[in-house]
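Report on the following structure.
The analysis underlying the following values was restricted to heavy atoms, covering all of them including side chains, and did not include hydrogens, waters or symmetry mates. Counting from 1, the numbers follow the sequence of the chain as shown.
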Amino acid sequence: MHLPRYQYKTNSGFLDYEFFSEGPKGKIKKVIRYTKIGDAVFNLAFGDLDEATGEISDTVVTNNNDSRKVLATVAATVYDFTDQYPGSLVVAKGSTLSRTRLYRMGITNYLEQISSEFDISGLINGSWEQFTERRDYEAFLIHRK
(Lines give C-alpha, C1' and ligand atoms only; values in the text may rest on other atoms or scores of the structure.)
Protein backbone atom coordinates (compact mmCIF):
# COMPACT_ATOMS: atom_id res chain seq x y z
CA MET A 1 0.00 0.00 0.00
CA HIS A 2 1.24 3.44 -0.82
CA LEU A 3 -0.30 5.67 1.82
CA PRO A 4 1.25 8.62 3.64
CA ARG A 5 3.16 7.20 6.58
CA TYR A 6 5.95 8.04 8.97
CA GLN A 7 9.52 6.91 8.52
CA TYR A 8 10.34 4.22 11.06
CA LYS A 9 13.40 2.41 12.28
CA THR A 10 13.73 -1.16 13.48
CA ASN A 11 16.15 -3.26 15.47
CA SER A 12 18.39 -5.95 13.97
CA GLY A 13 15.83 -8.70 14.69
CA PHE A 14 12.98 -6.77 13.02
CA LEU A 15 10.88 -7.22 16.17
CA ASP A 16 10.80 -3.64 17.48
CA TYR A 17 9.89 -0.62 15.36
CA GLU A 18 9.85 3.05 16.36
CA PHE A 19 8.58 6.24 14.78
CA PHE A 20 7.34 9.67 15.82
CA SER A 21 3.76 10.89 15.48
CA GLU A 22 3.72 14.62 14.76
CA GLY A 23 0.75 16.88 15.29
CA PRO A 24 -0.86 19.45 17.59
CA LYS A 25 0.21 17.49 20.70
CA GLY A 26 3.83 17.56 19.58
CA LYS A 27 6.25 14.82 18.59
CA ILE A 28 5.30 11.53 20.28
CA LYS A 29 7.36 8.36 20.11
CA LYS A 30 5.37 5.30 19.01
CA VAL A 31 6.53 1.70 19.32
CA ILE A 32 5.43 -1.46 17.53
CA ARG A 33 6.64 -4.73 19.04
CA TYR A 34 6.28 -8.21 17.57
CA THR A 35 6.47 -10.90 20.26
CA LYS A 36 6.54 -14.61 19.52
CA ILE A 37 3.58 -16.32 21.21
CA GLY A 38 3.62 -19.69 19.40
CA ASP A 39 5.17 -21.57 16.50
CA ALA A 40 5.52 -18.83 13.86
CA VAL A 41 2.77 -16.80 15.63
CA PHE A 42 3.58 -13.25 16.74
CA ASN A 43 1.56 -10.72 18.71
CA LEU A 44 1.63 -7.15 17.41
CA ALA A 45 1.72 -4.66 20.29
CA PHE A 46 1.49 -0.96 19.52
CA GLY A 47 1.36 2.26 21.50
CA ASP A 48 3.20 5.24 22.91
CA LEU A 49 6.57 4.69 24.53
CA ASP A 50 6.51 5.37 28.25
CA GLU A 51 9.96 6.93 28.59
CA ALA A 52 10.03 6.32 32.36
CA THR A 53 9.53 2.54 32.13
CA GLY A 54 10.53 1.80 28.54
CA GLU A 55 7.22 -0.04 28.14
CA ILE A 56 4.55 0.39 25.50
CA SER A 57 1.44 2.16 26.76
CA ASP A 58 -1.42 0.92 24.62
CA THR A 59 -4.11 2.78 26.54
CA VAL A 60 -2.95 6.38 26.02
CA VAL A 61 -5.12 8.44 23.66
CA THR A 62 -2.72 10.73 21.81
CA ASN A 63 -5.21 12.73 19.71
CA ASN A 64 -2.46 14.02 17.44
CA ASN A 65 -4.83 14.22 14.43
CA ASP A 66 -2.76 11.71 12.45
CA SER A 67 -4.47 8.37 13.12
CA ARG A 68 -4.59 7.37 9.42
CA LYS A 69 -0.90 8.08 8.99
CA VAL A 70 -0.11 6.21 12.22
CA LEU A 71 -2.16 3.16 11.15
CA ALA A 72 -0.52 3.24 7.70
CA THR A 73 2.87 3.19 9.43
CA VAL A 74 1.86 0.21 11.57
CA ALA A 75 0.64 -1.55 8.40
CA ALA A 76 3.97 -0.83 6.68
CA THR A 77 5.79 -2.61 9.52
CA VAL A 78 3.56 -5.68 8.98
CA TYR A 79 4.83 -5.81 5.38
CA ASP A 80 8.42 -5.40 6.60
CA PHE A 81 8.01 -7.93 9.41
CA THR A 82 6.47 -10.59 7.15
CA ASP A 83 9.26 -10.06 4.61
CA GLN A 84 11.71 -10.94 7.39
CA TYR A 85 9.59 -13.77 8.85
CA PRO A 86 7.91 -15.47 5.89
CA GLY A 87 5.15 -17.89 6.85
CA SER A 88 4.55 -16.14 10.15
CA LEU A 89 1.12 -15.26 11.51
CA VAL A 90 0.52 -11.90 13.15
CA VAL A 91 -2.19 -11.45 15.78
CA ALA A 92 -3.46 -7.92 16.42
CA LYS A 93 -6.01 -6.81 18.99
CA GLY A 94 -6.82 -3.37 20.30
CA SER A 95 -6.46 -2.68 24.01
CA THR A 96 -10.11 -1.59 24.02
CA LEU A 97 -13.19 -2.45 21.98
CA SER A 98 -13.05 0.94 20.30
CA ARG A 99 -9.43 0.42 19.26
CA THR A 100 -10.20 -3.02 17.88
CA ARG A 101 -13.06 -1.41 15.95
CA LEU A 102 -10.64 1.24 14.63
CA TYR A 103 -8.36 -1.55 13.37
CA ARG A 104 -11.36 -3.24 11.70
CA MET A 105 -12.30 0.03 10.00
CA GLY A 106 -8.72 0.46 8.77
CA ILE A 107 -8.68 -3.06 7.35
CA THR A 108 -12.09 -2.50 5.74
CA ASN A 109 -11.01 0.78 4.11
CA TYR A 110 -8.10 -0.92 2.36
CA LEU A 111 -9.38 -4.50 2.15
CA GLU A 112 -8.94 -4.79 -1.62
CA GLN A 113 -5.27 -3.78 -1.46
CA ILE A 114 -4.58 -5.77 1.72
CA SER A 115 -6.22 -8.96 0.42
CA SER A 116 -4.00 -9.03 -2.64
CA GLU A 117 -1.04 -9.82 -0.36
CA PHE A 118 -2.51 -11.01 2.95
CA ASP A 119 -5.12 -13.41 4.25
CA ILE A 120 -7.01 -11.74 7.10
CA SER A 121 -9.09 -13.63 9.67
CA GLY A 122 -11.19 -12.28 12.50
CA LEU A 123 -11.77 -13.87 15.90
CA ILE A 124 -15.40 -14.05 16.92
CA ASN A 125 -16.81 -16.13 19.77
CA GLY A 126 -13.53 -18.04 20.11
CA SER A 127 -13.28 -19.05 16.43
CA TRP A 128 -11.32 -17.65 13.51
CA GLU A 129 -13.17 -16.86 10.29
CA GLN A 130 -12.31 -15.09 7.06
CA PHE A 131 -12.51 -11.35 7.63
CA THR A 132 -15.85 -9.86 6.65
CA GLU A 133 -16.71 -6.17 6.63
CA ARG A 134 -19.05 -4.83 9.33
CA ARG A 135 -18.43 -7.67 11.78
CA ASP A 136 -17.18 -6.89 15.26
CA TYR A 137 -14.13 -9.05 15.86
CA GLU A 138 -12.17 -9.62 19.05
CA ALA A 139 -8.80 -9.84 17.23
CA PHE A 140 -7.29 -10.22 13.78
CA LEU A 141 -4.94 -12.82 12.31
CA ILE A 142 -2.75 -11.73 9.41
CA HIS A 143 -0.84 -14.07 7.09
CA ARG A 144 1.22 -13.06 4.07
CA LYS A 145 0.25 -14.99 0.93
Identify the two heavy atoms, one from [X] and one from [Y], that lie closest to each other, and give their separation to 0.1 Å.
X: S21; Y: N64; answer: OG-ND2, 3.0 Å
X: K145; Y: D119; answer: CE-OD1, 3.0 Å
X: F81; Y: S88; answer: CE2-OG, 3.6 Å
X: N65; Y: P24; answer: ND2-CG, 3.4 Å
X: K93; Y: Y103; answer: C-CE1, 3.9 Å
X: L89; Y: H143; answer: CD2-CD2, 3.3 Å

Please report the interatomic distance [atom1]([X]) to [atom2]([Y]), rounded to the nearest 0.5 Å.
X: Q84; Y: T82; atom1: CD; atom2: OG1; answer: 9.0 Å
X: L71; Y: L102; atom1: CG; atom2: CG; answer: 5.0 Å
X: F118; Y: S116; atom1: CZ; atom2: OG; answer: 9.0 Å
X: R101; Y: T108; atom1: CZ; atom2: OG1; answer: 10.0 Å
X: F46; Y: Y17; atom1: CZ; atom2: OH; answer: 14.0 Å
X: T73; Y: Q7; atom1: OG1; atom2: CD; answer: 9.0 Å

Identify all side-chain donor-acceptor contacts of residues 33-44 below 3.5 Å with residues at least two apart in sequence or on another chain.
unit_1	atom_1	unit_2	atom_2	d
R33	NE	D16	OD1	2.8
Y34	OH	T77	OG1	2.8
Y34	OH	V78	N	3.3

Please determine whether residues [X] and [Y] belong to a single hydrophobic cluster, defined as Ile, Leu, Val, Met, Phe, Trp and Tyr linked transitively by side-chain heavy-atom distances below 4.5 Å.
X: L111; Y: F140; value: yes
X: Y8; Y: L15; value: yes
X: V70; Y: V31; value: no
X: I107; Y: L3; value: yes
X: L123; Y: M105; value: no

| query | Is there side-chain contact between L49 and K30, with heavy atoms separated by less than 4.5 Å? | reply | no
| remark: Sorted by chain and residue number, the salt bridge (Lys or Arg N to Asp or Glu O under 4.0 Å) partners of K29 (sequence neighbours excluded) come out as E18
| Cation-aromatic face contact K69/Y6, 6.0 Å, 45 degrees | yes
| said: Let's go through R144 and Y79 carefully: what are the C-alpha distance in whole Å and the side-chain angles of both, what is the deciding distance for side-chain contact (heavy atoms from CB on, under 4.5 Å) to 0.1 Å, and is it a yes or a no? | reply: CA-CA 8 Å; R144 189 85 173 259; Y79 280 86; 3.9 Å; yes
| task | Among residues two or more places apart or on two chains, list those pairs meeting salt bridge (charged side-chain N to carboxylate O under 4.0 Å, His left out) that have a residue in residues 131-143. | result | R104-D136, E129-R135
